[in-house]
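A quick note: this is a predicted structure, and the numbers were derived from the prediction, not measured. Values below: all heavy atoms of this structure, side chains included; hydrogens, waters and symmetry mates excluded. The sequence lines fix the lettering, A, B, ..., with proteins before strands; numbering per chain opens at 1.
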Protein chains: 2
Amino acid sequence: MRNGHVPPADQAGLRRANLALVVRTLREHGQQSRAQLSALSGLSKATVSNLVSELESRRLVRAAGLTAGRQGRPGQLVELSPGSVCGIGLEINLEYLRATVLDLAGTVITEQLVPLRVVELGPQRCLDQLAELARSMLATVAAVGAWPAGITVAVPGLVDTQAGVVRFAPNLRWRQIALVDGLAARVDFPLERCAVDNDANLAALAEHTSGAASGTADLLCIVGSSGVGAGLLAAGVPVRGASGFAGEVGHLSLDPLGPSCPCGNRGCWERQIDLGTLLEVMSSPDDPVRDPSLAVSDRLRIIRGRAEAGDRRTLDALQQVGDALGVGLALLINVLNPAAVVLGGYFAELYEWLVEHARIQIASRVLSPEAARAAILPSTLGFTAAIRGGAQHAMRTVMDNPTLAPVVASEPTEAPA
Amino acid sequence: MRNGHVPPADQAGLRRANLALVVRTLREHGQQSRAQLSALSGLSKATVSNLVSELESRRLVRAAGLTAGRQGRPGQLVELSPGSVCGIGLEINLEYLRATVLDLAGTVITEQLVPLRVVELGPQRCLDQLAELARSMLATVAAVGAWPAGITVAVPGLVDTQAGVVRFAPNLRWRQIALVDGLAARVDFPLERCAVDNDANLAALAEHTSGAASGTADLLCIVGSSGVGAGLLAAGVPVRGASGFAGEVGHLSLDPLGPSCPCGNRGCWERQIDLGTLLEVMSSPDDPVRDPSLAVSDRLRIIRGRAEAGDRRTLDALQQVGDALGVGLALLINVLNPAAVVLGGYFAELYEWLVEHARIQIASRVLSPEAARAAILPSTLGFTAAIRGGAQHAMRTVMDNPTLAPVVASEPTEAPA
DNA sequence: TCACTTCGTTGGGTGGTTCATCAAAGTAAG
DNA sequence: CTTACTTTGATGAACCACCCAACGAAGTGA
């Protein structure tokens with residue numbers, strides 16, 4: 001379906017590709033002189049100069065001093081311009097809305113968290129709140145004199161990224177919500193620069209771009225919270241599947257005799273490793289750690305405290321979850337052979353008590369020793385991975401096609417901030 | 001590792017991309033006039049004419065009469081030239097070597113099967129045999145006056161496609177065999193036009209190009225024989241994983257209490273659905289169907305006969321295998337969300353007795369109804385899928401970069417048939 | 001026979017990259 | 001302090017690929 005009709009290559013596309021190449025080189029290698037860029041990219045010096053001057057006029061890059069020492073004329077360094085082109089990442093979750101603004105260098109311009117009972121509020125009023133948050137982010141971008149490349153929303157559920165529709169988000173109790181349309185209309189932002197994606201997919205993107213698995217092209221990111229989701233990156237490209245629902249690992253049935261799950265099956269992975277299960281195993285029903293009014297972060301602080309204190313029941317529960325995590329990961333590693341697995345969400349918070357158990361299970365279950373080399377890493381971005389990935393995603397459009405960024409007159413900057 | 005340094009885009013690359021675009025358009029839509037090609041591809045008429053004339057000089061396309069009826073001047077049809085550019089696919093398996101030559105239109109120029117006890121022969125002498133087979137194919141290509149685009153070998157095991165090395169093929173008992181080097185040296189064929197890949201990956205490519213799931217970009221191909229392998233295609237691109245070992249689904253552990261497997265675990269999928277298991281369940285040890293001297297095709301004929309005759313034990317065994325097949329497929333569908341699953345190898349031969357059981361399991365285990373829409377199809381290429389995929393793979397290099405094909409003088413053809 | 005339609009080619013124009021050359025801006029040595 | 005050397009980045013000519021507009025070619029239908 002929607003067969004990707006590849007547009008013909010023309011000179012504009014050629015230019016676009018090379019502009020993007022320079023931006024990418026700068027992203028991967030940090031600030032460089034034009035001569036170094038020429039060597040790294042394979043483009044001629046003349047072309048690099050030309051490209052850089054266009055990127056400068058679009059404020060994607062800027063001058064950054066001179067190269068140090070050595071012989072000959074010093075090079076004029078160029079770097080990705082901070083604070084000029086920004087991406088906006090939003091996240092909808094059970095307990096909050098979250099937002100961030102990143103610039104091309106990956107610097108956080110601003111971050112915000114709005115506690116919210118999303119389920120009780122319902123999709124439409126939640127969208128209103130989300131729009132307000134987006135407007136606030138746009139205002140910040142405008143205040144620092146930057147240009148908003150796009151807005152990307154992370155949602156815990158099945159998303160049709162092409163249509164911009166949330167198909168099914170069980171935890172939020174959402175079905176068929178036209179999120180992109182709704183948001184763009186409310187915020188008065190160009191529709192084509194708004195996007196939705198699954199939170200785990202975006203988390204994977206963030207970990208790939210600037211997180212734990214920075215630069216790793218084949219990546220699996222497992223995010224644990226009230227459910228479990230996975231984001232896949234193969235050769236640097238997100239794997240979404242035919243309808244965009246790839247990575248729905250929560251309901252993998254790992255044990256035909258395991259406990260039953262609301263989804264109708266038995267032994268679902270999610271029922272073995274999500275936060276709710278950990279709580280059930282490690283505590284009695286009246287334990288304060290299970291107080292429903294507690295926020296996730298507070299709950300995790302308690303769990304960490306008990307684990308650090310060596311509480312046996314807690315440690316046993318963590319082992320049980322770690323084992324189950326490893327069993328499922330072994331399966332995914334066999335199928336996908338990633339170079340790294342990043343544990344996100346609550347798994348990252350409890351990484352040190354989970355990973356060894358998981359590793360043992362993986363080692364004994366993976367077919368080839370080479371595949372077993374997959375590194376199991378904790379997310380360095382924690383709960384902000386999804387919004388950062390969203391912001392990165394929003395900027396990716398511009399990095400892949402720098403001509404989208406507007407040309408400014410001539411004056412370098414005169415931001416009042 | 002081996003971070004893909006993207007070469008800069010230049011005019012030659014632009015030309016290459018548009019030549020490839022014309023070839024692809026022709027592949028997808030069949031013979032077309034220049035004007036129709038222009039409309040379909042988005043290129044201008046002038047450019048299409050120019051490109052077609054270059055493709056003609058490289059014998060990738062040829063004139064094919066005029067468009068029928070309608071008003072105005074009739075168009076001059078162009079089609080992928082049959083019998084001029086060929087791909088050679090080879091396959092190594094337990095019981096035989098297999099080879100085929102395909103042309104751009106997908107027509108089989110020749111096919112050959114050499115029975116061989118690969119395990120007993122050992123890798124080096126097997127390579128000698130393989131080289132002889134390859135030389136025979138090259139001779140056929142030369143005899144019809146065609147140009148061999150490349151040779152690709154399908155191997156049942158873990159393959160490092162970049163290095164051209166078979167890392168581990170348990171069934172063949174091969175480890176670290178430099179297959180591409182060995183073959184290219186023996187055959188005296190350019191190294192860079194030789195390749196190895198996993199048989200399931202190539203089968204998936206074949207099913208995508210011209211088989212059961214023709215044109216489906218997100219595809220999963222499960223090949224059953226003495227083991228079980230999977231080939232993955234995401235957005236039309238093979239998913240190989242970080243070290244090229246993705247798709248090793250045979251040893252997914254689906255049941256922690258299941259029967260033990262030589263790999264050291266329990267409940268491996270392979271032990272539930274491979275041909276050996278089916279035989280064990282459907283017959284007693286002294287049953288003639290289990291005669292070790294029987295070829296796979298003969299064995300399958302017997303099984304089909306019993307199933308058609310309504311033999312209860314056989315049908316029960318097929319149900320058991322079909323159920324297990326469905327359980328594993330549900331898992332893969334949740335993770336990968338393919339548009340289609342193609343059953344290859346022996347699954348295709350027994351498709352009609354397996355698929356309904358599998359479908360029931362899948363339907364009850366897949367999370368989203370949209371993902372459940374994945375079509376479960378029988379391979380239409382059967383045991384030739386891998387070699388056809390190999391030949392397609394060999395031609396893909398040229399289709400993606402038509403300038404690789406040599407330019408011929410002027411005379412159209414003078415093949416002595 | 002004469003409009004009318006559609007096809008494919010031709011020539012001029014635009015845009016992008018490359019090569020060769022050169023001035024600029026440093027270091028190193030006499 | 002001057003001179004030689006090295007490296008950088010900019011300039012202009014050349015090349016190449018694509019697009020547009022116009023035109024002749026080759027049919028259909030009245």
Side-chain angles (χ1 to χ4, degrees), chain A residues 6-23 25-26 31-58 61-79 401-403 407, chain B residues 6-22 25-26 31-58 61-79 401-403:
Chain A
V6 183
D10 55 2
Q11 319 228 71
L14 201 160
R15 181 83 175 168
R16 220 179 304 140
N18 283 335
L19 286 167
L21 177 59
V22 170
V23 171
T25 309
L26 241 26
Q31 48 177 226
Q32 301 287 334
S33 72
R34 286 162 177 76
Q36 290 170 320
L37 279 175
S38 167
L40 285 168
S41 67
L43 293 159
S44 69
K45 287 193 298 174
T47 306
V48 168
S49 281
N50 193 335
L51 293 169
V52 165
S53 100
E54 175 166 353
L55 290 173
E56 253 175 335
S57 79
R58 297 187 188 277
V61 305
R62 67 168 191 188
L66 301 177
T67 51
R70 305 194 45 177
Q71 277 189 339
R73 172 179 167 181
Q76 301 167 34
L77 288 172
V78 170
E79 68 180 0
N401 180 5
T403 58
V407 180
Chain B
V6 184
D10 55 3
Q11 321 226 65
L14 202 154
R15 182 83 175 167
R16 218 179 305 141
N18 283 335
L19 286 167
L21 177 60
V22 170
T25 309
L26 240 28
Q31 49 177 223
Q32 302 287 332
S33 71
R34 287 164 175 75
Q36 290 170 320
L37 279 175
S38 167
L40 285 169
S41 67
L43 292 159
S44 71
K45 287 194 296 176
T47 306
V48 168
S49 280
N50 194 334
L51 293 169
V52 164
S53 101
E54 174 167 353
L55 290 173
E56 252 175 335
S57 79
R58 296 187 188 277
V61 306
R62 67 168 190 189
L66 302 178
T67 51
R70 304 194 48 176
Q71 277 189 340
R73 170 177 167 182
Q76 301 167 33
L77 287 172
V78 170
E79 68 179 2
N401 180 6
T403 58

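Proximity of a side-chain donor or acceptor of B/Ser38 to a complementary backbone N or O of B/Arg34 within less than 3.5 Å is not detected. Here the side chain of A/Asp10 pairs a donor or acceptor atom with the backbone of A/Gly13 at under 3.5 angstrom.
Residue B/Leu14 contributes atom CG, which lies 14 Å from atom C1' of C/dT14 at whole-angstrom precision. Rounded to a whole Å, the CG atom of B/Leu43 is 15 Å from the C1' atom of C/dG8. In this entry the distance linking CG of B/Leu37 with C1' of C/dT6 reads 15 Å, nearest Å. C/dT6 atom C1' lies 16 Å from atom CD of B/Gln32, rounded to whole Å. A straight line from CG of B/Leu66 to P of D/dG27 spans 7 Å, rounded to a whole angstrom. Across the protein-nucleic acid pair, B/Asp10 atom CG and D/dA17 atom P stand 10 Å apart, rounded to whole Å. Taking atom CD on A/Glu56 and atom P on D/dG9, their separation rounds to 12 Å, with Å as the unit. For A/Leu55 and D/dG9, the CG to P distance is 15 Å, given to the nearest whole Å.
If you check every strand for non-hydrogen atoms under 4.0 Å, A/Thr47 touches a base.
Remark: of the listed residues A/Leu14, A/Leu55, A/Asn50, A/Leu55 is the sole one forming a side-chain contact (heavy atoms from CB on, under 4.5 Å) with A/Leu19.
Within the structure, every side-chain polar atom (N or O) of B/Ser44 is placed at least 4.0 Å from both OP1 and OP2 of D/dC18.
Separation of atoms CG (B/Leu66) and CD (B/Gln76) is listed at 6.5 Å; rounding is to 0.5 Å. Taking CD of B/Gln32 as the start and OG1 of B/Thr67 as the end, the distance is 10.0 Å to the nearest 0.5 Å.
The side-chain heavy atoms of B/Arg58 and B/Thr403, taken from C-beta on, include a pair separated by under 4.5 Å.
Distances were taken from every side-chain heavy atom of A/Asn18 (C-beta onward) to each of C/dT9, D/dC18, C/dT17; the shortest belongs to C/dT17. Listed candidates were D/dC20, D/dC18, C/dT17. Nearest to the side chain of B/Ala46 is D/dC20.
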Protein-nucleic acid N or O pairs under 3.5 Å, nucleotides 3-8 of chain D:
unit_1	atom_1	unit_2	atom_2	d
D/dT7	O2	A/Arg73	N	3.0
D/dT8	O4'	A/Arg73	O	3.4
D/dT8	O2	A/Arg73	NH1	2.5

Please list, one pair per line, the donor and acceptor atoms closer than 3.5 Å that link side chains of residues 40-48 of chain B to other protein atoms, with sequence neighbours excluded.
unit_1	atom_1	unit_2	atom_2	d
B/Ser41	OG	B/Leu37	O	2.8
B/Ser41	OG	B/Leu43	N	3.1
B/Ser44	OG	B/Thr47	N	3.2
B/Ser44	OG	B/Thr47	OG1	2.9

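One can find a donor-acceptor pair under 3.5 Å joining the base of C/dG15 and the side-chain atoms of A/Gln11.
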